[in-house]
Amino acid sequence: MRLLVTFLVAISLFLLFSCSNQQKQPEGLGVKISGSVENFPSGGFVHIEEVVENEMVKLDTFSVEDGLFSANVNITRPAFYRLNFNDRQYVSLILTGEEAEVVVNAHGDDPRGFSEVSGSYDTEFKTQMDDLMKGYQKARQGLQQNLLAARRAGDIQSFNQLNEELIEITQKAELGIKSLIRDATPSLAAFYGSQMIDQDKNYAFLDSVVSKLMVEMPGNFHVQTLAASLESKRSLMIGAEAPDFSLSTPEGQEISLNSLRGKYVLIDFWAAWCGPCRAENPNVVRVYNQYASKNFEILGVSLDRTRNAWLNAIEQDGLPWLHVSDLKFWRSEAALAYQVSAIPATFLIDPEGKIIAKNLRGASLAAKLKEIFG
């Protein structure tokens with residue numbers, strides 16, 4: 001189950017490329033890849049491998065003398081590569097075949113050991129993205145601990161304030177990644193960065209990026225994968241008409257989404273077995289009680305497999321809104337229609353049946369409803 005998460009970090013957004021001193025490789029000589037390993041065990045190896053679709057394919061093996069290696073490698077197309085040091089440490093690269101020399105220095109025998117790469121314009125973008133996200137994750141972990149402490153203490157004011165901080169710095173982090181993606185396009189580094197941001201929230205931005213990537217490398221597996229993923233989401237983008245579905249309530253009554261036209265409807269995909277869903281339920285109850293009298297309804301769609309678990313969770317969490325389910329787990333009709341692969345997942349529908357927001361939780365849900373209802 002993929003859970004959407006937010007992170008915290010003090011982000012520097014000024015580390016952008018203004019120029020590159022990268023030189024093209026001489027024709028026919030391949031890309032020179034050289035470097036050093038700090039700890040190279042006897043009998044060790046250094047392979048260069050290419051990511052071919054979803055598999056690693058070994059291209060060449062480097063001989064190492066006194067901790068140094070160097071060889072010309074025939075790079076025929078832009079792709080993701082990695083140097084494999086003894087199946088212990090891996091250094092990822094994005095190469096196009098136009099690099100003159102790429103220098104890789106690494107520990108060589110520690111999965112978390114240091115590594116540095118120079119000479120690859122595309123890899124440098126990737127490194128900046130990785131560094132941004134590492135700080136992002138570290139700070140997020142610290143903030144989550146504070147959120148948990150505030151919740152346990154019942155300190156609602158601190159909890160809400162921390163949630164606001166989480167949203168704010170998440171937006172800053174996303175802007176940082178998008179800025180790097182924009183500057184990296186049409187490199188595969190742009191595809192790499194696209195995996196770090198929410199496709200739903202950034203659909204229009206990524207659609208423009210993939211259009212440029214398709215012009216530059218139309219046959220590339222990763223570019224085609226991203227294009228296909230975006231195409232599959234087109235019917236669920238903001239502004240699209242929400243797909244209708246009809247499921248049964250606990251009482252056996254059929255309810256369709258379209259029957260709720262005229263109201264703002266939050267479709268809430270959840271399940272009794274989903275811990276994050278159950279933790280989010282008090283927040284949903286709070287906003288429902290606040291706006292239920294203002295033309296707002298919630299349609300809870302359970303991905304449970306057993307009726308008892310579903311009904312017990314509704315009672316235990318005190319969920320007063322409409323509930324439906326076909327008890328088909330991830331094969332639920334509604335989950336398939338909305339391409340739900342992680343829960344909790346929410347879709348906010350306006351009175352005309354249009355999708356106006358997705359994946360709202362906690363403070364972001366409260367803020368959106370306040371924007372609508374005042």
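We count residues from 1, following the sequence as given.
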Test of understanding: clusters of I, L, V, M, F, W, Y form through side-chain heavy atoms closer than 4.5 Å, transitively. Do L299 and I372 belong to the same one? no
Show your reasoning for whether side chain to side chain donor-acceptor pair (under 3.5 Å) applies to D268 and T346. CA-CA 5 Å; D268 182 17; T346 60; over 6 Å; no
Report the relative orientation of the aromatic rings in [X] and [Y]; use parallel for angles under 30°, tilted for 30 to 60°, perpendicular for over 60°.
| X | Y | value |
| --- | --- | --- |
| H47 | F45 | parallel |
| F269 | Y338 | tilted |
| Y192 | F80 | tilted |
| F373 | Y264 | perpendicular |

Determine whether the side chains of S115 and Q89 contain a donor N or O and an acceptor N or O closer than 3.5 Å. no
Would K126 and D122 pass as an ion pair if we require N to O under 4.0 Å? no
Would you confirm whether [X], through its side chain, and [Y], through its main-chain N or O, come within 3.5 Å as a donor-acceptor pair?
| X | Y | value |
| --- | --- | --- |
| Q339 | S232 | yes |
| S332 | K328 | no |
| N86 | F40 | no |
| D304 | A272 | yes |
| E280 | P344 | no |
| S229 | T225 | no |

Take a 6.0 Å sphere around [atom1] of [X] and say whether it holds more than 12 heavy atoms from other residues, nucleotides or ligands.
| X | atom1 | answer |
| --- | --- | --- |
| R234 | CZ | yes |
| K358 | NZ | yes |
| N289 | CG | yes |

Only one of L95, L93, T127 passes side-chain contact (heavy atoms from CB on, under 4.5 Å) with S120, and that residue is L95
Would you please test D109 and N39 for side chain to side chain donor-acceptor pair (under 3.5 Å) and show each step? CA-CA 6 Å; D109 197 41; N39 289 269; over 6 Å; no
